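For reference, the structure is listed below as structure tokens.
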Amino acid sequence: MKRIPIRELRERDTEKTQSGKNETEKTEVEKVGIETAETGAADKRSQNLMNLIKRVHGLVENADIEKHRQSQDHIGAILSNTKAIRYREVDIQGMYGEWVSVNRAHMKKYVLLHCHGGGYSTGSSLYARTLTSKLAESTSMDVLCFDYRLAPENPYPAALDDAVKTWDYLMLLGYGARDVILTGDSAGGNLALALTLRLKQEGRLLPRGILLMSPWADLTSSGKSFQTKAQMDPVLNREYIDRMVRAYADGQELEDPMISPLFGKFTGFPPVYIQVGENEILLSDSVRLHQAFVDANVSVKIDIYAGMWHVFQMSPVKAARAAMDKNAEFIYDICR
């Protein structure tokens, strides 16, 4: 399956002599491409594949949150059973963390700090192996994932405080801020952004770059894809998201940038790369986030993958492999 060719659309009309007019027209073409993605319907092939994903996801989802968490960990353990990857436990001031590395000679200068997803209520380093293993393999860099405290037992700002603690742990190990690339999927994308906003707020150095996969950036759920993709998304639905919002941020101001980073001020942010599926309910979070970075003059790229769903990179499909190659390409580019 191919990515929606936003980059290719930008390259049209390169023969025109008026550069200002050319740039304006390319911007308009890009907007049309994104608008089509946000409102378009799924084709038959994509729908069949998403029906399969929905059935698989149904085996994991459980109203009993502890059983949900256990099912996720079970999947992570099964899918990470490979000799090609090495997993090392680490204690981060009483919090479980895990180093994920390829079992061969690899780059040590840079490190990926991964924030796992799960709506801030589920997920773990073990479940995140479905992504961290791929990140380590594709980049040949070490990946650190951490088990931040989960809601509803530990609502906001527990996860953010734990992310800051993990950042400080890396600094104490001798890494500089510019040696760290933040990565995150879904709620983990939210956390990666909130962590960077917190560092900026405190006047600290920021990471070298940020990689986001289907980021959950707006807990107010105000994007248009909450309506246009509601019947397509095989993984998420509005009821589930509302439940996660209540668990994590009940009684909080949801437009607080530390809770909904979409509303943050991004001036001075490092380069950002966003990947999102065309058929997911959170598509608008990524689209609007991309525009917010553009408005703040931040170097940002977005790829909307045709026919794909929420955090499709976890799945054993061709598009997921291609996406991981693009993730590695972004990381290599910013580490030059």
Side-chain angles (χ1 to χ4, degrees), residues 53-54 56-73 75-76 114-128 130-131 145-163 184-195 197 212-227 229-264 276-277 279-286 288-289 309-312 314:
I53 293 298
K54 187 172 185 177
V56 172
H57 183 71
L59 298 175
V60 177
E61 191 170 354
N62 195 306
D64 184 323
I65 197 164
E66 281 302 326
K67 290 183 178 179
H68 191 157
R69 293 168 180 170
Q70 291 169 11
S71 295
Q72 287 181 329
D73 285 349
I75 288 177
H114 184 72
C115 305
H116 72 75
Y120 279 120
S121 293
T122 67
S124 66
S125 297
L126 184 54
Y127 183 53
T130 53
L131 290 174
C145 192
F146 57 103
D147 284 5
Y148 55 82
R149 288 168 290 169
L150 299 174
E153 301 94 326
N154 300 282
Y156 172 84
L160 179 55
D161 289 342
D162 288 346
D185 66 286
S186 194
N190 180 306
L191 186 56
L193 291 168
L195 171 58
L197 286 168
L212 305 171
M213 292 169 277
S214 300
W216 186 28
D218 174 17
L219 270 65
T220 71
S221 303
S222 56
K224 69 171 65 175
S225 57
F226 273 82
Q227 285 74 47
K229 305 297 181 179
Q231 303 305 313
M232 297 183 201
D233 195 321
V235 176
L236 298 179
N237 58 59
R238 182 62 182 266
E239 180 183 359
Y240 172 82
I241 291 174
D242 287 347
R243 191 162 70 248
M244 296 300 101
V245 171
R246 289 193 299 271
Y248 180 63
D250 191 33
Q252 301 287 341
E253 174 53 60
L254 296 183
E255 291 190 4
D256 181 339
M258 298 300 177
I259 294 174
S260 295
L262 176 65
F263 304 108
V276 64
N279 293 326
E280 61 173 289
I281 198 171
L282 294 184
L283 172 59
S284 291
D285 283 36
S286 289
R288 295 158 70 205
L289 191 61
W309 49 87
H310 187 63
V311 198
F312 66 92
M314 287 184 174

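Bear in mind the structure is a predicted one, so any value in this text is a computation, not a measurement.
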Just by distance, with hydrogens left out, do D185 and H310 show a side-chain donor and acceptor under 3.5 Å apart?
no
Scanning both residues in full, the closest heavy-atom pair of A249 with I259 reads CB-CG2, 4.1 Å
Query - Pairwise side-chain contact, D218 with F263, heavy-atom cut-off 4.5 Å (strictly under) - result: yes
Heavy-atom closest pair (S121 atom, P152 atom, distance to 0.1 Å) is OG-N, 4.3 Å
- Message: Contact between I241 and I281 at the side-chain level, heavy atoms closer than 4.5 Å - yes or no?
- Response: yes
### Task
Dump the intermediate steps for side chain to side chain contact (heavy atoms under 4.5 Å, CB included) on L282 and L236, then the final yes or no.
CA-CA 9 Å; L282 294 184; L236 298 179; 3.8 Å; yes
E66 and E153 have their tightest heavy-atom pair at OE2-OE2, 3.9 Å
- request: Could you check N154 against D162 for side chain to side chain contact (heavy atoms under 4.5 Å, CB included), going step by step and ending with a plain yes or no?
  value: CA-CA 11 Å; N154 300 282; D162 288 346; over 6 Å; no
Original post:
Mind checking whether T122 and I65 have side chains closer than 4.5 Å, heavy atoms only?
Top reply: yes
Note: V311 and E280 closest approach over all heavy atoms is N-OE2, 4.2 Å
Checklist entry - With a cut-off of 6.0 Å (strictly less than), are more than 12 heavy atoms of other residues, nucleotides or ligands near CD of E239? => result no
Take R288 and S222 through the side-chain hydrogen bond (donor to acceptor under 3.5 Å, both in side chains) test and state the conclusion after the steps.
CA-CA 10 Å; R288 295 158 70 205; S222 56; 3.1 Å; yes
> Considering only heavy atoms from C-beta outward, does the side chain of S214 approach that of S286 to under 4.5 Å?
Replying inline: no
Across all chains, not counting sequence neighbours, the ring pair (Phe, Tyr, Trp, His ring centres under 6.0 Å) partners of H116 are Y148
Nearest heavy-atom contact between W216 and M244 is CH2-CB, 3.9 Å
Problem set entry | From CA spacing to verdict: side chain to side chain contact (heavy atoms under 4.5 Å, CB included), D285, F226 | CA-CA 10 Å; D285 283 36; F226 273 82; 4.0 Å; yes
Handout entry: Side chains of S124 and D147, donor plus acceptor under 3.5 Å
Key = no
